[in-house]
Amino acid sequence: MTVAHLKQAAAEKAVEAVHSGMVVGLGTGSTAVFMVRAIGQLLQDGRLQHILGIPTSEATAREAERVGIPLTTLNEHPVIDVTIDGADEISPQLDLIKGLGGALLREKIVATASRRMIVVGDGSKKVARLGTRAPLPVEVIPFAQGPVQAYLASLGARPVLRVHNGVTFITDEGNIILDCHFDEGIDDPELIGQAIRQQPGVVEHGLFLGLAETAVVATNDTIEVLGKRLS
Ligand code: 5RP
């Protein structure tokens with residue numbers, strides 16, 4: 001099976017936790033897009049009804065509209081029943097690094113507003129220690145790039161400005177991203193997360209600690225459901 005097949009399998013399995021009448025947080029990325037399509041298909045078949053989606057990015061909003069998922073906002077629905085989203089790393093405790101897709105700020109707002117967050121991924125996303133496979137993305141106000149970069153380096157990270165197609169990557173909220181590399185991974189995610197937050201100009205970081213309740217991880221052999229049962 002290709003990685004895309006594994007992502008699709010995990011995403012479609014997680015959709016079992018979505019029931020008619022729910023407000024659903026719609027994650028961002030190449031795994032989450034399969035979840036959006038699966039929900040669209042179930043709505044089209046009539047197997048799901050009265051779903052309202054809250055997208056975590058402009059890209060996800062476009063895809064949700066394309067497949068016929070009615071959208072709402074956090075202002076209209078401040079509490080989300082379930083959010084399904086991908087991740088760049090999943091720890092044994094279901095702590096996550098997210099944000100390589102650039103949507104970490106809206107993703108964290110949506111995950112935090114959710115009664116339940118389910119993370120989906122292929123087996124390569126599982127890590128023993130956060131920060132060993134992916135850098136930690138930090139979303140920063142452009143004006144503050146210099147001091148924030150210096151501050152992140154003082155915390156032991158190697159921050160690299162994210163560039164896409166030769167130009168500085170700008171998030172949906174108009175900010176830049178500094179991808180923080182940690183040579184030995186992240187020792188104490190809680191501590192580093194708190195320290196990063198203290199610096200003015202930092203908007204959010206990609207550590208999602210204690211937010212995911214369930215992980216659905218697909219490998220060539222099996223689809224593992226980790227943490228709380230899907231339903
Ligand atoms: C976007 C994210 C994505 O969920 C994460 O990057 C995983 O992406 P993919 O499913 O494409 O591997 O955090 O901000």
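Just so you know, ligand 1 is whichever comes first in the structure, and atom 1 is the first atom listed for that ligand.
Scanning all protein heavy atoms for the shortest distance to atom 11 (O) of ligand 1 gives Ser30 OG, 2.4 Å. Here the heavy atom of the protein found nearest to atom 3 (C) of ligand 1 is Thr28 O, 3.2 Å. In terms of protein heavy-atom proximity, atom 12 (O) of ligand 1 is closest to Lys125 NZ, 2.6 Å. Counting only heavy atoms of the protein, atom 8 (O) of ligand 1 lies nearest to Asp88 OD1, 4.1 Å. The shortest contact between atom 10 (O) of ligand 1 and any protein heavy atom is with Thr31 OG1, 2.5 Å.
Of all the listed residues (Gly121, Gly101, Gly102, Gly99), Gly99 holds the heavy atom that lies closest to atom 13 (O) of ligand 1. One option in Lys98, Glu107, Glu89 has a heavy atom closer to atom 14 (O) of ligand 1 than any other, and that option is Glu107.
If you check the side chains of Thr219 and Thr222, you find no donor sitting under 3.5 Å from an acceptor. With 3.5 Å as the limit, one finds no donor-acceptor pair spanning the side chains of Glu173 and Thr171. Side chains of Gln198 and Gln194: a donor-acceptor N/O pair is absent below 3.5 angstrom, by distance only. Using a 3.5 Å distance cut-off with no hydrogens or angles, the side chains of Thr60 and Glu63 do not pair a donor with an acceptor. The closest side-chain donor-acceptor pair between Thr72 and His77 falls under 3.5 angstrom. The closest side-chain donor-acceptor pair between Ser124 and Arg133 falls under 3.5 angstrom. Checked by atom type, the side-chain pair Thr83/Arg116 shows no donor-acceptor distance below 3.5 Å.
Distances below 4.0 Å separate heavy atoms of Gly29 from the following atoms of ligand 1: 11 (O). Of all atoms in ligand 1, numbered sequentially from 1 with element shown, those under 4.0 Å from a heavy atom of Gly86 are 4 (O).
An N or O contact shorter than 3.5 Å links Ala103 to ligand 1 by distance. In terms of polar-atom proximity, defined here as any N/O pair under 3.5 Å, Ala32 makes no such contact with ligand 1.
Because its NZ or CZ atom is not both nearer than 6.0 Å to the ring centre of Phe34 and within 45° of the ring axis, Lys7 does not count as a cation-pi partner of that residue.
Taking 4.5 Å as the limit, some side-chain heavy atom of Leu26 sits within range of a side-chain heavy atom of Leu71.
With a heavy-atom cut-off of 4.0 Å, Asp85 touches ligand 1 through its side chain alone.
For Ala87, the closest heavy-atom approach to ligand 1 falls below 4.0 Å.
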